[in-house]
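Working notes for the structure below.
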Amino acid sequence: MDKLRIIGDALPGMPWEERPAASREIMWRCSANPIVGRDALSTSNSIFNSAVVPFKQGRYNYAGVFRCDDTNIRMRLHAGFSVDGLKWDIDEEDIRLEGADPEVGQWVYGYDPRVVRIGDKYYVTWCNGYHGPTIGVAWTADFRTFHQLENAFLPYNRNGVLFPRKIGGRFAMLSRPSDTGHTPFGDIFYSESPDLEFWGRHRHVMAPAAFEKSAWQCTKIGAGPVPIETSEGWLLIYHGVHGTCNGFVYAFGSALLDLDRPWKVLARSGAYLLSPRESYECMGDVPNVAFPCATLHDPATGRLAVYYGCADTVVGLAFGRIPEIIEFTRRTNIL
Ligand code: BMA
């Protein structure tokens, strides 16, 4: 590998712990896990599958959009703020979206948010209820007022993840066409838009892996956090699902996508980066789920922190080094 370049703003103060001396893992868990508990709000049944970004305001250095299911088990999005990326002050009130065409702006449900800064705006994508799940889009400048745009796709779709810059002059998004239920299939696709309203030029990115090659991702896959730009390609962390005799198991791995044509996969990890094994990943409302939705990274040190939902109940954090993850992706490549 030539000298690796990692794109992004410096983030020397990001959450970080060194790999424990006894660990041989590529990614290791934060000793404070789970970092967000299920009842952080007075009304929350569970808080998981949530997205964070660097965001300076007052004493805060980070902001996020959190999936908070309430005790009616209604899926809602809440804004949150943090000084250190570990302890979060999550708003008791859920996010109210403004400005959409009234037919689209009717809130039904929203879950599994992703957040990305493009220019001076923060864009939120999430799984939005509109005659079934599809991809909702909104932007905010302050994490107080959220301006809703058109849904990106027809139902049914999940795991809409924007790239952090235009590619070939257009906004770019990964997504995973699905069904109305728990979807026993699913490939990742790429779509482009000139204006974040009209999406097209859809391209296939990747399908589930063959069972005998990589069983953790043999049932369905979906994009996780916003891809990270490096000189080796876009580093994509994605979840993979294995339909076992006891139901779905969600783990995550990594892929490298071509910088200019991101639907071309350069390498894809056959081994997982992290699979549910701690009690908070294996016990909860939906056992055996590790579902990554966001990362923080520091280009100079290569440090990476992955925020992932655990057992559809709490939020966990795992650490790794981007150069090692790229090397791992190539070493365990199944393409
Ligand atoms: C998916 C989504 C995720 C969830 C996962 C496991 O279909 O609903 O929010 O984490 O199932 O239950």
Side-chain angles (χ1 to χ4, degrees), residues 33-38 44-52 64-70 72-78 94-95 108-115 124-136 153 155-161 174-189 208 216-226 237-253 272-278 280-294 306-318:
N33 274 0
I35 59 160
V36 180
R38 65 183 305 161
S44 57
N45 166 76
S46 44
I47 303 180
F48 57 107
N49 300 4
S50 299
V52 313
V65 175
F66 290 79
R67 170 174 176 177
C68 303
D69 293 6
D70 69 13
N72 293 36
I73 317 293
R74 290 176 299 200
M75 300 179 282
R76 299 279 189 264
L77 302 177
H78 291 241
D94 60 334
I95 287 172
V108 180
Y109 56 75
Y111 61 87
D112 297 358
R114 316 298 204 270
V115 182
V124 186
T125 53
W126 71 96
C127 187
N128 191 34
Y130 180 77
H131 304 275
T134 185
I135 306 303
F153 304 118
Y156 313 109
N157 202 312
R158 292 186 173 100
N159 299 302
V161 179
L174 299 170
S175 74
R176 210 279 303 286
S178 65
D179 65 14
T180 52
H182 295 296
T183 317
F185 61 87
D187 296 22
I188 299 176
F189 286 82
W216 65 268
Q217 52 178 328
C218 71
T219 299
K220 55 179 169 175
I221 54 173
V226 171
I237 309 276
Y238 66 97
H239 69 257
V241 179
H242 183 193
T244 74
C245 59
N246 278 327
F248 288 153
V249 174
Y250 284 67
F252 59 86
Y272 59 71
L273 284 169
L274 189 146
S275 176
R277 68 172 61 153
E278 296 299 322
Y280 53 87
E281 297 158 352
C282 300
M283 288 189 281
D285 288 3
V286 182
N288 309 321
V289 179
F291 194 97
C293 286
V306 176
Y307 290 78
Y308 65 104
C310 308
D312 285 11
T313 305
V314 295
V315 178
L317 188 59

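Whatever order the structure lists ligands and atoms in, that order sets their numbers, starting from 1.
Classification of the Trp216-Tyr272 ring pair by plane angle, with boundaries at 30° and 60°, yields perpendicular.
Between Asp112 and Arg67 there is a side-chain heavy-atom pair separated by less than 4.5 Å. Using a 4.5 Å heavy-atom threshold, the side chains of Cys68 and Ile47 count as touching.
For atom 1 (C) of ligand 1, the nearest non-hydrogen atom of the protein is Tyr250 OH, 3.5 Å. In this structure, the protein non-hydrogen atom closest to atom 12 (O) of ligand 1 is Asp312 OD2, 2.7 Å. In this structure, atom 8 (O) of ligand 1 lies nearest to the protein heavy atom Tyr111 CE1, 3.9 Å.
Nearest to atom 9 (O) of ligand 1 by heavy-atom distance, out of Asp112, Asp69, Asn288, Val286, is Asp112.
Between Asn49 and ligand 1, at least one pair of N/O atoms sits closer than 3.5 Å.
Asp69 and Asn45 share no side-chain donor-acceptor pair at under 3.5 Å.
Taking the six-membered ring where the residue is Trp, the centroids of Phe291 and His239 are separated by under 6.0 Å.
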